[in-house]
Trainee: 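This is the structure I have questions about; it appears just below.
Labels below follow one simple rule: chain letters A, B, ... track the order of the sequence lines, proteins then strands, and each chain is numbered from 1.
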2 protein chains.
Amino acid sequence: MIRILSYNEMNRADIFQRSTVPTGVEDTVSRIIQQVKEQKDSALLDYCTQFDGGAPERLEVSEEEIRQAFESTDPQFIKVLKKASDNITSFHSCQIRNSFIQNKSSGIVVGQKIVPLDRVGLYVPGGTAAYPSSVLMNCIPAKIAGVKEIIMVTPGKNGTVPPAILSAAKIAGVHRIFKVGGAQAVAALAYGTETIPKVDKIVGPGNAFVAEAKKQVFGSVDIDMIAGPSEILIIADQSCQAGQVAADMLSQAEHDKMASAVLVTDSPRLAESVRSELERQLSVLPREEIARSSIENNGKIIVAPNLETAIDIANEIAPEHLELCVDNPFDYLDRIRHAGSVFLGKNCPEALGDYMAGPNHTLPTSGTARFSSPLSVDDFVKKYQYTYYTKAALSAAADDIIYFAEQEGLSAHARSVSVRLAEDLEDGKDGMG
Amino acid sequence: MIRILSYNEMNRADIFQRSTVPTGVEDTVSRIIQQVKEQKDSALLDYCTQFDGGAPERLEVSEEEIRQAFESTDPQFIKVLKKASDNITSFHSCQIRNSFIQNKSSGIVVGQKIVPLDRVGLYVPGGTAAYPSSVLMNCIPAKIAGVKEIIMVTPGKNGTVPPAILSAAKIAGVHRIFKVGGAQAVAALAYGTETIPKVDKIVGPGNAFVAEAKKQVFGSVDIDMIAGPSEILIIADQSCQAGQVAADMLSQAEHDKMASAVLVTDSPRLAESVRSELERQLSVLPREEIARSSIENNGKIIVAPNLETAIDIANEIAPEHLELCVDNPFDYLDRIRHAGSVFLGKNCPEALGDYMAGPNHTLPTSGTARFSSPLSVDDFVKKYQYTYYTKAALSAAADDIIYFAEQEGLSAHARSVSVRLAEDLEDGKDGMG
């Protein structure tokens, strides 16, 4: 069963599972990428035949297919998708940034411009991992950023894509959808084919082949992140109900066998109760096999001397999801430094954030929350700077620039300034003015 | 001499030089990293003996050494460094972002918090590439972001660091400085040694070994970017003075032989004049050999049908530096989408931005400005989200979340919500409340 560890017994270095790339994946993926670079569409169609039960007539999903999918989706689900989409839109709209311009002194203007990416690719997994919520979470921030063209790729099964996925894509505002998955889809987005346009950034989850492909094309295009196994750290005090804490741990554990659910509590009694609850609830879970494997291999219950120490542990570990199941959770918000998404109080199971609350569910894993952030509008814009000086302003700064350049031994730098200070006539003979 | 190409002759794919990793670097670097991981400080001292003319008595630069360096630096240079620092601080302060909190409806709070990184490592190259301007440009944004500890590493030469570098570090607000360079310094920052603390992110330029080391430790820590050779694209109309345009191209070319300077103009006459000017100016340049090699191998002059096409070319190529040497340059600002740093008008040589204007000089190269940005305060903070629902708010949203979770086949997700709706008494028997 799950282990209960004291604070001193825990090994912070391996509190969560890390992903490793299975043998052979690297080579297979680099072969696939080469193939797609050379043979483009014809390589894609070959892979569809090999992996997706046959090549589709057209790689691109037609307007008609989307309309039919939308009509065949349960209207109740359409309503829920729209509500989720509204909440995600509302939250992410707060992330929009303005360009700035600074006009410090006469004749000097500097500024920073925020520009949306031109074209973004969104990978959507097929099979059992086909999550319409992921389509919303990855597409809506790009839409809000102002990306001109959002291209979705997802494997067709015998030429068709699940209606729920197409409906989510329609609601989220995807521009074009192609029936292709795996490393070959990532390669197509990175380098372009006759049918699929080259994008500037690729986002979205996927299996080991997709993750490796994203890693290999990174540099030619940008990518969001290579997600490791999903994790949750739950801090719960003695006032919590063990049944609720256990349910939250299991919601993480049912994702896959590599997922990790860890409880840190200051109550040895709660630790024991959660252990029993886990056993009780596991036995009635439809995905028991997956969840049990995750809990037994990766689950941990840690008893900390107090809540402050529990939060210190969270900051060191920087979990993807952090639940703070305590009374008055806002009292502790300022102490929390490193986490992906934080769920405050006893009424905020992680599932709320997976679907409905509005914050993103694509989050930094494996401790990378120490330096990286949830997917956001920022991931779909970039910035450039600009500088404008009048001749008088340049003249005033010239001595300093020339001096600095000479100190660094870069006399052509210095000369590019001094040449502008010379009388116009003198240089005019060489120019056109 | 430099080639003049028509718009139709240009090959957009290879307008600038790309960097390649020299053979053997990858293996050498991975050996060095392993060595530092295992033997820590003692490995660092060995490498100092091997490469830096001897192991220093202490790896860390003392307060006294910094004081002495500051006093031995030309007061004129201190003044210029401080002016540059003021301008950089002023510009980057506009990049500070606020956290936000959203309180849409009763009982629901969502928000995004901006948190500075805990500890950052700044690599500063030694030798001829020791640029105090780089120290300012890399450190000041981290300082403004609120990073608690900024650690600088730089190779000592026989145990000493150039006074100008130490003075720049003092002015910029570096917290600790260590005399170690190369891949071994990057490894020390990424994994920590007895003396050098592990950081969360490594920034700063370096040679091929440093770049490769950053690539290899990426994931364990964050890195800024792997910079390719430096580039400039100059758009100049017929009213420009050829001598000024040529001087700007040469200020880029003198950096190193791999640097690229490209002119795009709508005036065939200016193209010819710049070509002659380049020859004339090259012959009097102290760094003639480097600049000539860059201009002859990588330099290009492209004649475009008009300025609009010239800007289209710039957007496709996404140059690191873009000069827009035209009258009324602000008329065109909205058309510019992809570049690192833009210099507007005829009085803005790139050198202005390298030292004094305030915008950063660490910029995306090799076309990555299509999706990445100049170094900024954003690189030294990260975000996390938080969600708070009251029990009433959760109850109101419960049906939708449960429905969505069931659609995705994740019943433990659904259960984590429903378990909270049950009468307290019912679940209370398992808990502590």
Side-chain angles (χ1 to χ4, degrees), chain A residues 80 91 94 100 110 115 131 200-201 222 238-239 241-244 247-248 250-251 254 270 286 337 339 341-344 347-349 351 353 355-359 370-371 373-374 382-389 391 394 397 400-401 403-404 408 411-413 415-416 419 427 430-433, chain B residues 80 94 100 110 115 131 200-201 222 238-239 241-244 247-248 250-251 254 270 277 286 337 339 341-344 347-349 351 353 355-359 370-371 373-374 382-389 391 394 397 400-401 403-404 408 411-413 415-416 419 427 430-433:
Chain A
V80 174
F91 178 81
C94 297
F100 69 78
V110 288
V115 183
Y131 296 138
D200 298 302
K201 181 166 188 167
D222 197 13
Q238 48 142 25
S239 73
Q241 295 190 12
Q244 296 177 7
D248 292 359
L250 292 174
S251 79
E254 77 171 338
L270 183 74
R337 293 182 55 78
S341 206
V342 182
F343 298 88
L344 295 168
N347 306 298
C348 282
Y355 300 117
M356 270 295 153
R370 286 189 66 84
F371 50 76
S373 306
K382 42 92 194 201
K383 299 154 277 185
Y384 69 74
Q385 315 160 153
Y386 57 88
T387 301
Y388 172 82
Y389 273 52
K391 186 163 179 179
L394 180 68
D400 291 337
I401 304 169
Y403 181 88
F404 209 142
E408 293 194 346
S411 56
H413 280 58
R415 207 178 170 281
S416 72
V419 74
D427 256 309
D430 306 305
M432 315 294 302
Chain B
V80 173
C94 297
F100 69 77
V110 288
V115 184
Y131 297 137
D200 297 303
K201 181 165 188 166
D222 197 13
Q238 48 143 26
S239 73
Q241 294 190 13
Q244 295 177 6
D248 292 359
L250 292 174
S251 79
E254 77 171 336
L270 183 74
E277 265 298 320
R337 294 182 53 78
S341 207
V342 182
F343 299 86
L344 296 169
N347 306 299
C348 282
Y355 300 117
M356 269 295 152
R370 286 188 66 83
F371 49 75
S373 306
K382 41 92 193 202
K383 299 152 276 184
Y384 70 75
Q385 314 161 155
Y386 57 88
T387 300
Y388 172 83
Y389 272 51
K391 187 165 180 180
L394 181 68
D400 291 337
I401 304 169
Y403 181 89
F404 209 142
E408 293 194 347
S411 55
H413 280 59
R415 206 178 171 280
S416 71
V419 75
D427 255 309
D430 306 307
M432 314 296 302

Trainee: Relative to chain B, which segment of Phe91(A) carries a heavy atom at a distance below 4.5 Å: side chain, backbone, both, or neither?
Mentor: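 Both backbone and side chain.
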Trainee: Counting heavy-atom pairs under 4.5 Å to chain A, which of Lys383(B), Arg370(B), Gln385(B) comes out on top?
Mentor: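 Of the candidates given, the most pairs with chain A belong to Gln385(B).
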Trainee: Could you tell me which of Tyr386(A), Tyr388(A), Tyr355(A) has the largest number of non-hydrogen atom pairs under 4.5 Å with chain B?
Mentor: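 Most heavy-atom pairs within the cutoff with chain B belong to Tyr355(A).
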Trainee: Can you say whether Tyr403(B) sits under 4.5 Å from chain A via the side chain, the backbone, both, or neither, judging by heavy atoms?
Mentor: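 When you check distances to chain A, only side chain atoms of Tyr403(B) fall under 4.5 Å.
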Trainee: Return the option, out of Gly353(A), Pro286(A), Ser341(A), with the maximum number of heavy-atom pairs under 4.5 Å with chain B.
Mentor: Ser341(A)
Trainee: List the residues meeting side chain to side chain donor-acceptor pair (under 3.5 Å) with Arg337(A), not counting sequence neighbours, and say none if there are none.
Mentor: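 If we apply the side chain to side chain donor-acceptor pair (under 3.5 Å) test to Arg337(A), skipping adjacent residues, the hits are Asp118(B).
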Trainee: Run the side chain to side chain donor-acceptor pair (under 3.5 Å) test against Asp222(B) and tell me which residues pass, sequence neighbours left out.
Mentor: Lys201(B)
Trainee: Mind ranking Ala247(B), Pro349(B), Ala351(B) by heavy-atom pairs under 4.5 Å with chain A and telling me who comes out on top?
Mentor: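 Ranked by contacts with chain A, first place is Pro349(B).
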Trainee: Evaluate the criterion side-chain contact (heavy atoms from CB on, under 4.5 Å) for residue pair Leu270(B) and Gln238(B); output intermediate values, then yes/no.
Mentor: CA-CA 6 Å; Leu270(B) 183 74; Gln238(B) 48 143 26; 5.7 Å; no
Trainee: Find the one option among Thr387(A), Leu394(A), Asp400(A) whose heavy-atom pairs under 4.5 Å with chain B are most numerous.
Mentor: Thr387(A)
Trainee: Tell me, for Val115(B) versus chain A, whether the close heavy atoms (under 4.5 Å) come from the side chain, the backbone, both or neither.
Mentor: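 For Val115(B), side-chain heavy atoms alone lie under 4.5 Å from chain A.
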Trainee: If you measure from NE2 on His413(A) to CG on Asp248(B), what distance do you get to the nearest 0.5 Å?
Mentor: 10.0 Å
Trainee: If you look at every heavy atom in Ala357(A) and Val110(B), which pair is closest and at what distance?
Mentor: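 What the structure gives for the nearest pair is O-CG1, 4.1 Å.
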Trainee: Please check if the side chain of Glu254(B) supplies one atom and the backbone of Ala412(A) the other of a donor-acceptor pair under 3.5 Å.
Mentor: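 Present.
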